Amino acid sequence: MYTVDTAQDLKSQLDHQVLLRRIISRIRQSLELPEILKATVAEVRSFLGTDRIMIYRFDQDASGEVVAESIYDDRLPSLLGLHFPADDIPEEARDRYVKLRQRTIVNVHSGTISISPLDCPESGEPLPTTEIKSRSVDPCHISYLTAMGVQSSVVVPILYSRGKNHDKSRSGQFSTSSNKLWGLLVSHHSEPRETSPLELQILQLVVDQMTIAIGQADMLAQTRKQAMLEAAINKVASLLHEQPTIELQAALEAAVEDFEGSGGRLYIQSHPEKTPEVFYCGEQPTMPSWETKSIMEEHPLWQKWLREGFKCNSNSAKRSLDGSGGNIWAITDLYKEPQLRIFTPAFKSTAIRGLLVFPIKYRHNNLGCLTIFRDEIDTETIWAGRFDPSLKQMMPRQSFEVWREFKQGQSQPWTADEISLGQALGKHFSMAIQQYLLYREVQDLNSTLEQQVQQRTIQLKQSLDNEQVKTEQLEKTLDELKRTQSQLIQTEKMSGLGQLVAGVAHEINNPINFIFGNLSYVSEYSESLLQLILLYHKYYPQRHPEIENYETEIELDFLQEDLPKILASMQIGSQRIRQLVLSLRNFSRLEQADRKSVDIHEGIDSTLLILQHRLKPRPHHPTIEVVKNYGNIPPIECYAGLLNQVFMNLLSNAIDALEFHVKQHPEEDFSPEIRIKTALIYDVNNGQDCLEISISDNGPGIPSNIQASIFDPFFTTKPVGLGTGLGLSISYQIVVEKHQGKINCCSEPGQGTEFRITIPAYNISRTKSK
């Protein structure tokens, strides 16, 4: 029979288990570390009934801060937010916390300290039982606690190491050889108090749960940080690659914002004989008057660094390879870097102190550099009393009054995450600037070509002396020159585009076929495994507690329900990619350079699929609805790739017109629409069947005074850089000269525009469906 004492012990243990479960439950209710720590100290103080429970977290320099606290009825002063110097907890004490996982219990009244290590001092292995040894406490420690108003204290170390592997010991605790002292769980009481082994064991269990929660909070923080990094990269990449023009100024401003910098510069060095371009953002340095170069990056020393790399000579700077053969200069304090001494006068009038420089290279060519500025900052640390480290703990501090340490003009170091962000952005800037320089070179060549044509025209006109025959010959030569130029440019452009599209489609086709072909097997195998688990549940209903805990942890019921849905979604997604690849191959049609019978509707649908990203809703652009009215059209003999080019030009122009109308009239309730209609008609004049294709929009229309010029080479109404004036000219040549057809434009201002294509259907009698 149980005695009264035994029943009381059992009841006490049961109460402690209930309290422990409640504490663990509150810890697990959130992934936010401040909430976890706040809940922990509140529950532990309620459990122990002491005057103060606090969590003390160590910093990199071994000093620490009270990050969570719970106090009973203001019986002890608050220490929340106060910092303590590293010497308050000697290095040897911190080593014992790590190596032995030592817990300490101090009784100021009796002058004793009880020590309970979890690991064996000789081997570092977990101890089989909880052993508590007592000895006299150091008088300095007694004086320190007395000055704080504490008569009894309990300290349990919180050990944590990111990515560590835990092994369960015989005592049920976790052990590892790569622990780091994250902090301390401390209990203070203003009166003498005994701490039982059971209470100490429960405190250790709470600390173990805190370690798990800290790991989960750390993983959450890393995930959030990665998401922010990807969002920042995507924002800059969109400005550099997805806009009609390369937005270098906007991309620079976005990059400075991502780094929370005070300013930045984008230096572009296109050619040694040409003037460099510099884009500015925020506060800027000014080169002194005695320097011959007004642009900082043009200085010979800076140019040498861009060619050979920046060599760090101090602790305030570090170099990191950017993956493209260059290096990133991460300079925390430019005034402490000897190599930058020559540039410091340019920064004296600014608050700039930190520099992050990304040399921009494309292959082996130096294109310039991107520089981010960071201002100096003021720091304030709230210490628990002023501490003189020269005394080296020879006497305890007698006062814990708050002392504010304020420092001005401090430099903020660049983190590894910021350098990684810079590496990713540097690659995007390198590609964009290379494209920007190539586009500018093409513009210069076009300008030179136009000047040469004009000069040649003047010379020819002067030499002909107003002779009518020679004048007509000259005009014909100029027309042929423009036509040949437009054909060469567009042919090269579409040839390269077709090869690129066909190559990408071919490269994607093999892996997506592999994924699509194996999804059915993955689905079958997963279904078999889930069925096996159900059979285990059916024939072995009494499962081991560890298995039940693991099923609860992984949410087996949800997994059984969600896994088939995930596989089905993956199968739908892979099928969609296969359809897109097929559309790309149909659009390029590199294997159909000759005249062949093709499905016209297939070409139109492939073109629409490629333009789908412009039809979907985007910021400041509503959805463009496409209405298709296809007739019963048999395969038509034509040049499929060239006709796809015509469809692309007409549909792109229609989308441009609708987007222009929305931009000009944002307040108007306007529903943009494109209509596509195909039909077989009989041409009475030629006595044959013809294919008629109509592409129309409800945009602003084309003014009547320019409709006669829309098919002329190089004629465009779009702003400079957004149109070449070749699309409709090439489309006219493809329809009229290649297919002996007609292309007409019907438009009225405010009523939209319709392009109607008519092509003879030579093979209609042989392929027409019944």
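No hydrogens, no waters, no symmetry mates; every other heavy atom, side chains included, goes into these values. A quick note: this is a predicted structure, and the numbers were derived from the prediction, not measured.
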Check: Should Glu337 and Phe343 be marked as a side chain to side chain contact (heavy atoms under 4.5 Å, CB included) after you check the CA-CA gap, both sets of side-chain angles, and the distance that decides it?
Finding: CA-CA 10 Å; Glu337 178 56 41; Phe343 296 103; over 6 Å; no
Flag yes if more than 12 heavy atoms outside [X] fall under 6.0 Å of its [atom1] atom; otherwise flag no.
{"X": "Lys235", "atom1": "NZ", "result": "yes"}
{"X": "Glu260", "atom1": "CD", "result": "no"}
{"X": "Gln60", "atom1": "CD", "result": "no"}
{"X": "Phe670", "atom1": "CZ", "result": "yes"}

Check: Would Arg265 and Val278 count as a side chain to side chain contact (heavy atoms under 4.5 Å, CB included) if you check the C-alpha gap in whole Å, the side-chain angles of each, and the deciding distance to 0.1 Å?
Finding: CA-CA 7 Å; Arg265 297 163 64 92; Val278 182; 4.0 Å; yes
Would you mind reporting whether [Y] and [X] have side-chain heavy atoms less than 4.5 Å apart?
{"X": "Phe358", "Y": "Leu425", "answer": "no"}
{"X": "Ile55", "Y": "Met210", "answer": "yes"}
{"X": "Leu370", "Y": "Leu356", "answer": "no"}
{"X": "Pro285", "Y": "Phe373", "answer": "yes"}
{"X": "Leu334", "Y": "Thr344", "answer": "yes"}
{"X": "Leu229", "Y": "Asp417", "answer": "no"}
{"X": "Gln434", "Y": "Leu367", "answer": "yes"}
{"X": "Met287", "Y": "Lys293", "answer": "no"}

Checklist line | side chain to side chain donor-acceptor pair (under 3.5 Å) evaluation trace for Glu69 with Ser78 | finding: CA-CA 8 Å; Glu69 180 184 60; Ser78 174; 2.6 Å; yes
Nearest heavy-atom pair of [X] and [Y]: which atoms, and what distance?
{"X": "Pro700", "Y": "His661", "result": "CD-CB, 3.9 Å"}
{"X": "Leu240", "Y": "Ala251", "result": "CD2-CB, 3.5 Å"}
{"X": "Gln412", "Y": "Arg374", "result": "O-NH1, 3.5 Å"}
{"X": "Val66", "Y": "Leu79", "result": "CB-O, 3.2 Å"}
{"X": "Ser262", "Y": "Asp375", "result": "OG-OD1, 2.8 Å"}
{"X": "Ala424", "Y": "Ile233", "result": "CB-CD1, 3.3 Å"}

Keeping the roles fixed (side chain from [X], backbone from [Y]), state whether a donor-acceptor pair exists under 3.5 Å.
{"X": "Glu297", "Y": "Gln303", "result": "no"}
{"X": "Arg94", "Y": "Ile89", "result": "yes"}
{"X": "Thr371", "Y": "Val357", "result": "no"}
{"X": "Ser238", "Y": "Asn234", "result": "no"}
{"X": "Gln249", "Y": "Tyr280", "result": "yes"}
{"X": "Ser652", "Y": "Asn649", "result": "no"}

Note to self: Whether Glu32 and Arg224 form a salt bridge (side-chain N of Lys/Arg under 4.0 Å from carboxylate O of Asp/Glu) is what I want to check.
What the structure shows: yes
Checklist line | Ion pair Arg614/Asp656, N-O distance below 4.0 Å | finding: yes
Check: When you look at Asp61 and Ser63, which way does the side chain to side chain donor-acceptor pair (under 3.5 Å) test go after all the steps?
Finding: CA-CA 6 Å; Asp61 59 355; Ser63 65; 2.6 Å; yes
Starting at [atom1] of [X], measure out to [atom2] of [Y] and round the result to the nearest 0.5 Å.
{"X": "Leu355", "Y": "Trp414", "atom1": "CG", "atom2": "CH2", "answer": "7.5 Å"}
{"X": "Asp697", "Y": "Ile624", "atom1": "CG", "atom2": "CD1", "answer": "9.5 Å"}
{"X": "Cys281", "Y": "Ile372", "atom1": "SG", "atom2": "CD1", "answer": "8.0 Å"}
{"X": "Ile331", "Y": "Lys336", "atom1": "CD1", "atom2": "NZ", "answer": "14.0 Å"}
{"X": "Glu283", "Y": "Ile352", "atom1": "CD", "atom2": "CD1", "answer": "5.0 Å"}
{"X": "Trp329", "Y": "Leu306", "atom1": "CH2", "atom2": "CG", "answer": "4.5 Å"}

Item checked: Evaluation steps, side chain to side chain donor-acceptor pair (under 3.5 Å), between Gln226 and Gln222 -> CA-CA 6 Å; Gln226 183 64 29; Gln222 291 296 323; over 6 Å; no
Notebook entry, point to check: So Asn366 and Gln269, side chain to side chain contact (heavy atoms under 4.5 Å, CB included) or not? Walk me through it.
Noted result: CA-CA 8 Å; Asn366 290 321; Gln269 178 181 330; 5.7 Å; no
Item checked: Tyr56 and Phe58 aromatic ring geometry - parallel, tilted or perpendicular at 30°/60° bounds -> perpendicular
Checklist line | Steps toward side chain to side chain contact (heavy atoms under 4.5 Å, CB included) verdict (Phe279, Glu253) | finding: CA-CA 10 Å; Phe279 294 86; Glu253 295 172 0; over 6 Å; no
